[in-house]
**Q** 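The structure under discussion is supplied below as C-alpha cells; questions concerning it will follow.
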Amino acid sequence: MIKQFTLILLFFFMLTSCSEYQKAVKSKDNDTKFKVASQYYEKGKYSKAILLFESMGGAYRSHPDGEKMYYMFGDSYYKRKQYLLAAYQYETFVASFPKSEKLEECAFLAAKCYTFLSAKYSLDQKQTIKAIDKLQNFINDYPKSAQLAEANRVMKELTTKLEKKSFEIAKQYNTTANHKAAIKSLDIFMSENPGTIFKEESLFLKLDSGYKLAINSIEEKKLERLQNAKNYYNSLVKFNKDTKYKEQADKMLAEIETEIKQFNK
C-alpha cells in the first residue's frame with residue numbers, strides 16, 4: 001500500500017513538473033523561463049535548461065540576472081560537451097560582462113572548449129591552431145591566473161600535436177624511400193621546430209636517408225653524399241652521444257667510412 005502511494009506521488013510530481021516546464025517553454029515571460037531554467041540547471045538537467053535559455057534570446061543581457069543566465073547557459077552546453085556552442089556562450093559572457101567575478105573563469109573555459117574540438121594529429125588541425133591562439137590570449141590577459149599551469153600544459157600538448165603532424169609528413173618521405181625529399185623535409189621541420197621532442201628521431205632519419213642515398217648513388221655523386229651522411233651521423237651523436245639509435249648509426253658510419261676509403265686509394 002505504501003509502495004503504491006509512493007508511486008502515485010512520484011507520478012503526480014513528474015506530471016506537475018512536466019506541466020510546469022511546458023508552461024515555461026510556451027510562456028512569453030522571460031522571468032518565468034529563467035526561474036524554471038535555473039531549477040533544471042541546478043538539477044543537472046541541462047538539455048531542458050538550454051531549451052529555455054535559447055528561447056530567451058538576447059533579451060536577458062541587460063537584466064539584473066543576465067550575468068547569471070549567460071553563465072548557466074554556457075555551462076549547460078559545457079556540461080553537455082557541446083563545446084563549440086559553449087565556447088560561443090562563454091565568449092559572449094566575457095564580452096557582455098567585463099566586470100564579472102566569473103570573467104577569468106569563462107575566458108579560460110572558452111579557450112578550453114576549443115582544445116576539446118582539436119582533432120587527432122593525422123586530421124585537419126584548424127581547431128588545434130585556434131585553441132592555441134585562444135589559450136595564448138588567455139595567458140597574455142591573465143598572467144597571474146590560477147589556471148596558468150593548466151593553460152601552459154595544454155598549450156604544450158597542442159603544440160606537440162602540430163609538431164607530430166609535420167614530423168610524420170617528413171618521416172613519410174623516408175618510409176617511401178624518397179631520400180632527397182626526406183632530408184629536405186626533415187631539415188625544414190627541425191628549423192621550424194628547434195625544441196621539438198622529435199629532434200633525435202629526425203636526426204636519425206636524416207642519417208638513414210643520407211646513408212641510403214649515398215650507398216645507392218651514382219659514382220660522380222657518391223663521395224659528396226657519403227661525406228654528407230657522415231656529417232649527419234656527427235649531428236646525431238653531438239645532439240645525444242648516448243642516442244638510442246647508436247648501434248644502427250655506428251653500423252651505417254662503418255660502411256660510410258669503408259666506402260669513403262675506396263675513393264682515397
Side-chain angles (χ1 to χ4, degrees), residues 46-47 49-51 53-54 57-58 61 70-98 100 102-143 145-176 178 181-203 205-206:
Y46 302 114
S47 294
I50 286 169
L51 185 61
F53 289 139
E54 284 176 340
R61 190 169 299 183
Y70 273 94
Y71 176 81
M72 290 191 293
F73 197 3
D75 197 52
S76 294
Y77 277 129
Y78 188 81
K79 296 287 175 52
R80 290 280 301 161
K81 298 184 179 181
Q82 294 175 263
Y83 295 119
L84 191 59
L85 292 169
Y88 175 79
Q89 292 304 330
Y90 283 135
E91 288 174 336
T92 298
F93 182 96
V94 169
S96 303
F97 307 103
S100 171
K102 292 186 177 293
L103 188 68
E104 182 181 323
E105 178 189 351
C106 288
F108 177 68
L109 288 172
K112 194 173 181 180
C113 282
Y114 289 102
T115 71
F116 291 120
L117 297 170
S118 171
K120 66 179 183 178
Y121 78 88
S122 58
L123 301 177
D124 182 81
Q125 293 301 301
K126 181 179 178 181
Q127 293 295 351
T128 303
I129 294 168
K130 186 177 242 183
I132 289 172
D133 288 341
K134 297 289 183 180
L135 284 167
Q136 188 60 63
N137 289 338
F138 174 80
I139 290 168
N140 293 341
D141 291 341
Y142 302 96
S145 172
Q147 308 295 339
L148 194 62
E150 184 179 358
N152 281 317
R153 177 185 62 77
V154 176
M155 275 269 287
K156 187 174 181 180
E157 288 177 0
L158 295 176
T159 301
T160 299
K161 185 187 289 189
L162 292 181
E163 288 179 4
K164 184 170 178 60
K165 185 177 181 69
S166 297
F167 171 69
E168 290 296 331
I169 291 170
K171 182 180 178 179
Q172 190 173 12
Y173 288 115
N174 173 271
T175 306
T176 57
N178 190 348
I183 292 167
K184 184 176 180 180
S185 296
L186 289 162
D187 275 338
I188 292 171
F189 171 75
M190 287 186 283
S191 67
E192 291 179 347
N193 304 279
T196 179
I197 63 171
F198 303 107
K199 180 76 176 281
E200 185 174 342
E201 188 174 357
S202 295
L203 289 168
L205 290 174
K206 185 178 176 182

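It should be emphasised that the depicted structure is a prediction, and the values quoted were computed from it without experimental measurement. For reference, positions follow the sequence shown, starting with 1.
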**Q** Apply side-chain hydrogen bond (donor to acceptor under 3.5 Å, both in side chains) to Tyr71 and list each qualifying residue two or more places apart in sequence or on a separate chain.
**A** Glu105
**Q** Please report the closest heavy-atom contact between Ala86 and Tyr78, naming both atoms and the distance.
**A** CB-N, 3.6 Å
**Q** Taking only distance into account, with no hydrogens and no angle test, what donor-acceptor pairs under 3.5 Å do side-chain atoms of residues 131-140 form with protein atoms, sequence neighbours excluded?
**A**
| from | atom 1 | to | atom 2 | distance (Å) |
| --- | --- | --- | --- | --- |
| Lys134 | NZ | Glu91 | OE2 | 3.0 |
| Gln136 | NE2 | Asn140 | OD1 | 3.1 |
| Asn137 | ND2 | Asp133 | O | 3.3 |
| Asn140 | ND2 | Gln136 | O | 3.2 |

**Q** How long is the gap from NZ on Lys164 to NZ on Lys120, to the nearest 0.5 Å?
**A** 11.5 Å
**Q** For a 4.5 angstrom cut-off between non-hydrogen side-chain atoms, does Lys112 reach Gln147?
**A** no
**Q** Rounded at 0.5 Å granularity, tell me how far CG in Leu84 sits from CZ in Phe116.
**A** 13.5 Å
**Q** Taking atom CG of Leu205 and atom CG of Leu186, what is their separation to the nearest 0.5 Å?
**A** 6.0 Å
**Q** Do the rings of Phe97 and Tyr70 sit parallel, tilted or perpendicular, given the 30° and 60° boundaries?
**A** tilted
**Q** CZ/Arg80 to CD1/Ile50 distance, rounded to the nearest 0.5 angstrom?
**A** 6.5 Å
**Q** Begin from the C-alpha positions of Met190 and Asn193 and carry the test side chain to side chain contact (heavy atoms under 4.5 Å, CB included) through to its verdict.
**A** CA-CA 5 Å; Met190 287 186 283; Asn193 304 279; over 6 Å; no
**Q** What distance do Ser185 atom OG and Lys171 atom NZ have between them, rounded to the nearest 0.5 Å?
**A** 14.0 Å
**Q** Using the ring pair (Phe, Tyr, Trp, His ring centres under 6.0 Å) criterion, which residues pair with Phe53? Sequence neighbours excluded.
**A** Phe73
**Q** Looking only at heavy atoms, what is the nearest atom pair of Asn174 and Ala182, with distance?
**A** N-CB, 3.6 Å
**Q** Taking all heavy atoms of Ala110 and all of Tyr90, pick out the closest pair and write down the distance.
**A** CB-CB, 3.7 Å
**Q** Between Thr176 and Tyr173, is there a donor-acceptor pair closer than 3.5 Å when you use the side chain of the first and the backbone of the second?
**A** yes
**Q** Roughly how far apart are Lys130 NZ and Thr115 OG1, rounded to 0.5 Å?
**A** 13.5 Å
**Q** Please evaluate residues Glu104 and Ser145 with respect to the criterion side-chain hydrogen bond (donor to acceptor under 3.5 Å, both in side chains), reporting the C-alpha separation (whole Å), side-chain torsions for both, the decisive distance (0.1 Å), and the verdict.
**A** CA-CA 8 Å; Glu104 182 181 323; Ser145 172; 2.5 Å; yes
**Q** For Glu163 and Ile197, work out which heavy atoms get closest and say how close.
**A** OE1-N, 3.9 Å
**Q** Among Lys126, Lys161, Gln127, whose side-chain hydrogen bond (donor to acceptor under 3.5 Å, both in side chains) with Ser118 holds?
**A** Lys161
**Q** Is it the case that over 12 heavy atoms from other parts of the model lie below 6.0 angstrom from the CD atom of Glu157?
**A** yes
**Q** Would you please name every residue forming a ring pair (Phe, Tyr, Trp, His ring centres under 6.0 Å) with Tyr88, sequence neighbours left out?
**A** none
**Q** Report yes or no: does Glu54 contribute a side-chain atom to a donor-acceptor pair with the main-chain N or O of Ala49 at less than 3.5 Å?
**A** no
**Q** Compute whether any side-chain donor of one residue and acceptor of the other, for Ser166 and Glu192, lie under 3.5 angstrom apart.
**A** no
**Q** Please confirm whether Lys165 makes a cation-pi placement over Tyr121, using NZ or CZ under 6.0 Å from the six-membered ring centre and within 45° of the ring normal.
**A** no
**Q** Evaluate ring pair (Phe, Tyr, Trp, His ring centres under 6.0 Å) for Tyr114 paired with Tyr83, printing each intermediate quantity in order.
**A** CA-CA 7 Å; Tyr114 289 102; Tyr83 295 119; over 10 Å; no
**Q** In chain order, what residues pass the side-chain contact (heavy atoms from CB on, under 4.5 Å) check against Ser96, with sequence neighbours excluded?
**A** Arg61, Thr92
**Q** Side chains of Tyr142 and Leu148: closer than 4.5 Å at any heavy-atom pair?
**A** no
**Q** Does Phe189 have any ring pair (Phe, Tyr, Trp, His ring centres under 6.0 Å) partners at least two apart in sequence or in another chain, and if so, which?
**A** Phe167
